[in-house]
Amino acid sequence: MSNNNTKPGFVQELVTLARTNMREYMMYIAFIIIMVFFAIQTDGGFLQARNIANLINQAGYVAVMAIGMTIILIICHIDLSVGYVAGFSGAVAAILMTKYHMNEWLAILVVLVLGLLIGLYQGLLVTKVGVPAFVTTLAGMFIFRGLLNLSLQDTGTIIIPNEGFKALSNGFIPDIFPNDKIHVLTLLIGVILVALMILSSVKERKNKIKYHFEVSSFPVFLLKQFIVAVVIMIVMWTLARYQGIPWTAVIVGVVLLIYNYMLNRTKLGRAIYGIGGNAQAAELSGINVQKVTLFAFCSVSLMASLGGILYTSRLQSATPTAGLGFEMDAIASSYIGGVAVSGGVGKVTNTIIGTLVIMSLTNGMNLMEIDISYQYIVKGLIFIIAVAFDVRSRRKK
Amino acid sequence: MTDYILEMQGIVKEFPGVKALNDVNFKVKRGEIHCLVGENGAGKSTLMKVLSGVYPYGSYTGDIRYNGEVQKFRKISDSEGKGIVIIYQELALIPELSIYENIFFGHEIMKGKSIDWNETITQARNMLGKVGLKADPSQPVKTLGVGNQQLVEIAKALSKDVKLLILDEPTASLNEDDSQNLLQLLRELKAQGVTCIMISHKLREITAIADTITVLRDGATITTMDATSRTIEEAEIIKYMVGREMDNIYPKRKKHAFGDIALELKNWTVVDPVKNREILHHIDLHVRKGEIVGIQGLMGAGRTELAMSMFGNPTGYRISTGKLFMDGRGVTLKHPKDAIRHGLAYVSEDRKGNGLFLGQDIRYNITISNLEELVDGLSINENEEIAIANDYKESINIKAPSIEQKVGNLSGGNQQKVQLAKWMFAKPNVLILDEPTRGIDVGAKYEIYSLMNRLVEQGMSIIMISSELPEVLGMSDRLYVMSEGTIAGELLTEDATEEKVMAMAVSS
Ligand SMILES: Nc1ncnc2c1ncn2[C@@H]1O[C@H](COP(=O)(O)OP(=O)(O)OP(=O)(O)O)[C@@H](O)[C@H]1O
Ligand SMILES: [Mg+2]
């Protein structure tokens, strides 16, 4: 591009960039608008360090569930049962820890295995028996809601005493040089993240140039890096002035890394996109469609269980109403994050932004003390606008 | 002065990174059959999409005059309203619906506020009569063969009161008989005053039917030839299409000795469990290392079913008797994955439905069936992947700005090349090609044939299924003729003539 004599100007290039990636940028812009709106409405309360940490802790369980959901949606299936699978998993964890006095880490492990088994059950129904995912998981909604109620019938809400378990969604990472001004490790992690990110983008850019792919011009590239670096550092700085990075963020970060790597760099990831794009061609290309589908169901239920653990930890108790409507938030996050309604397209990194959009709506409206009924309506509207916009912009191409 | 029904002038249409049409001039006389030819990616389909409003006014530059008036079509219904109907490269019928529902789909006959089904069926029967299709209008379209489905498409066009009918490669998936029928029908329509534009890569039928021939190359009009005043030779069209003389259509292959038997079927009988019917009966065939074996037969003779049943049986047929031997050892292939592992590859006839991932780029499509080779530990080695995809793009000449181009945006012929590259990369021992040159221009055909020669010279075996008899005769060393699920005969190519083969094909 750079040896072109009709070299486009800096601004010109930004405009083209914005136009071709409109879908993605719209999401960021919407997110920023939402943040600014709530910041104004709450006199800055929304952006306070304490609330940001809070937001992360609240969003964690939806984030992991949305990541699992993204995979399912890419391969053109759906899982409606995640909410009650999460609720039920939380209840099981609580019972194991209180009634059977099981060690919290062992209890978590057991619950995650339970999630896998649930996924296996639903996945086998879809792949081997051939029941559509919609029906299988709708039935799952009934079943796991029933199991949730049943397991808490005698005790009612179970309060969880285990400190380690509660820390998952309430605690923060420890500091290396404890002081009461700033969380050093958090800042350090921020710096490392920025360095890694810049390093990998530079490497990618070099590679692209080597193979004569189109890359953005150097100033635009710099600008992008700069913006991302600043955003990361602002978030880290804010968190560092409070109590540091919440454990939830660490958990979500690890899950995100694993899934992102899986989707972009492994055979399994290729297979997932392939099945979403054209299942028949995938089969004929030697992809075992059934196996991959089964994997996707196991993974989504596993993430539902993890979500259940995080939610239970957040509330420090297991309640019979846990899980209600979680699937809505998870599905909405994925779609707002740009998963195509027709399947085959989607990124887990964008799903996280989708989760942030949905959860900052919840958080902000809670701060403003808006009635829950209006909250649902607002979320629904934002959701449908995002999808309508997505469908339109895809059709144009 | 000549009476032109359509004049397109200075048409320019750009896609990101590609100038698909670059100042095209295209004029069609009223009442003629006008053939539009050109290499893959020359811009034929794009030109017709500009005309019909798929690409709306404003997304291209240049003038469209129809019946002398400048037109600004914003959507397909605008052009249809004026009697311009286009039948696309891919059929657009709804398989589950009946013939009459399909014919009037989108422009239903109304009585008051509800659909007048009686009138619909009467009209549909009328249209079927016009296109010469003897079928019950209430039959679901999926029960018809491709040839008859094509006729339904035309009936649908007629029901819209068509003045200018555009057919984009209508005979690409038709056999000889059905093609002849279709051409005859076009002549009849012409007699009734319908103007036709036909896109085709089959030069034989073009010279047979065209009144005027326009050649496009790289998005520009190269020439327009009048075929009514003199006969136009295929060679002349080819010369304009590819921009140079081409001596022979089939590249010569060095004579070489064949190796051991690479694949053999013995007593292969296959049952379709859904219809509970035997579809292939006691088939014996083999192919040696370094040999090209052709499988010829009419549409519906069971050739694709045969290929699928060998290739791990993704359609779920049951093999009731028989065995498949690879390199002399009996193998059971339960899934295409097993087949690929045993060195078998299958290039599907239905490249959009079964072959390609249209939403993904060239690189993804080429490497998907052999990712093992690119995996370091867990990750796919992307540098190596890019290098490989670029290699194939160069060596078989896939026309695209880069390997990051979405396959859905490539022209038909280039899509086919991507499919071939994909299976070459899987490095099979036996390559099954199902209609490998469907919808491909002469130049690209030559390249694909050369490629096949290169592969067999390296010791690969090729099974080529094709309904184009000249191609089978031109390329294979030996051929089987199939008829109604059996092998009706086997011939060495030296001994084969078109007459002999056709006699066998209709024998049982
Ligand atoms: N939607 C699109 N986006 C980008 N490029 C496109 C798109 N549609 C077509 N092209 C490009 O425009 C050129 C012309 O394509 P077109 O489909 O008109 O070719 P064609 O002459 O019909 O070829 P074929 O004989 O293979 O069907 C090709 O280079 C193709 O890759
Ligand atoms: Mg075309």
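Letters A, B, ... are given to chains in the order of the sequence lines, protein chains preceding strands, and every chain is numbered from 1.
Only the side chain of B:Phe311 comes within contact range of chain A, with heavy atoms under 4.5 Å apart. For B:Glu385, the part sitting under 4.5 Å from any heavy atom of chain A is the side chain, from C-beta outward, and nothing else. At a 4.5 Å heavy-atom cutoff, the contact between B:Lys352 and chain A is made by backbone atoms alone. Looking at B:Asn390, only its side chain comes within 4.5 Å of chain A, counting heavy atoms on both sides. For a residue to count as touching a neighbouring chain, one of its non-hydrogen atoms must lie under 4.5 Å from one of that chain's; by this rule A:Asn288 touches chain B with backbone and side chain alike. Both the backbone and the side chain of A:Ala282 come within contact range of chain B, with heavy atoms under 4.5 Å apart. Only the backbone of B:Leu356 comes within contact range of chain A, with heavy atoms under 4.5 Å apart. With a 4.5 Å cut-off on non-hydrogen atoms, A:Ile287 touches chain B through its backbone and its side chain both. Only the side chain of A:Tyr261 has a heavy atom closer than 4.5 Å to any heavy atom of chain B.
Checked against A:Leu256 for a side chain to side chain contact (heavy atoms under 4.5 Å, CB included), the options A:Val348, A:Ile251, A:Val64, A:Thr351 give a single hit: A:Val348. Under the side chain to side chain contact (heavy atoms under 4.5 Å, CB included) rule, B:Ile295 has a single partner from B:Leu306, B:Thr304, B:Leu433, B:Asp434, which is B:Leu306.
For B:Lys399, the NZ atom counts as densely surrounded, since its 6.0 Å shell holds more than 12 non-hydrogen atoms of other residues, nucleotides or ligands.
Here B:Leu371 is the residue among B:Val375, B:Leu371, B:Leu374 with the most heavy-atom pairs under 4.5 Å with chain A. If you tally non-hydrogen atom pairs under 4.5 Å between each of B:Ala339, B:Ser402, B:Gly353 and chain A, the highest count goes to B:Gly353. When B:Ile368, B:Ile386, B:Ile340 are compared by the number of non-hydrogen pairs under 4.5 Å with chain A, B:Ile386 comes out ahead. Note on B:Pro314, B:Ala426, B:Ser379: by heavy-atom pairs under 4.5 Å with chain A, the leading option is B:Ser379.
A salt bridge links B:Lys427 with B:Glu373; the closest basic N to acidic carboxylate O contact falls under 4.0 Å.
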Original post:
A:Leu223 and A:Leu14: side-chain contact (heavy atoms from CB on, under 4.5 Å), yes or no, with the steps?
Top reply: CA-CA 10 Å; A:Leu223 182 69; A:Leu14 281 184; 4.1 Å; yes
**OP:** Start with the C-alpha distance between B:Asp338 and B:His335, add both sets of side-chain angles, then the distance that settles side-chain contact (heavy atoms from CB on, under 4.5 Å), and finish with yes or no.
**Re:** CA-CA 5 Å; B:Asp338 298 339; B:His335 190 272; 4.2 Å; yes
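The aromatic rings of A:Tyr25 and A:Tyr28 lie tilted to each other, with the angle between the two planes from 30° to 60°. Between B:Tyr392 and B:Phe425, the ring planes are perpendicular. Angles over 60° get that label, and only those under 30° would be called parallel.
Checking A:Ser299 against A:Tyr259 by side-chain atom types alone, a donor-acceptor pair falls below 3.5 Å.
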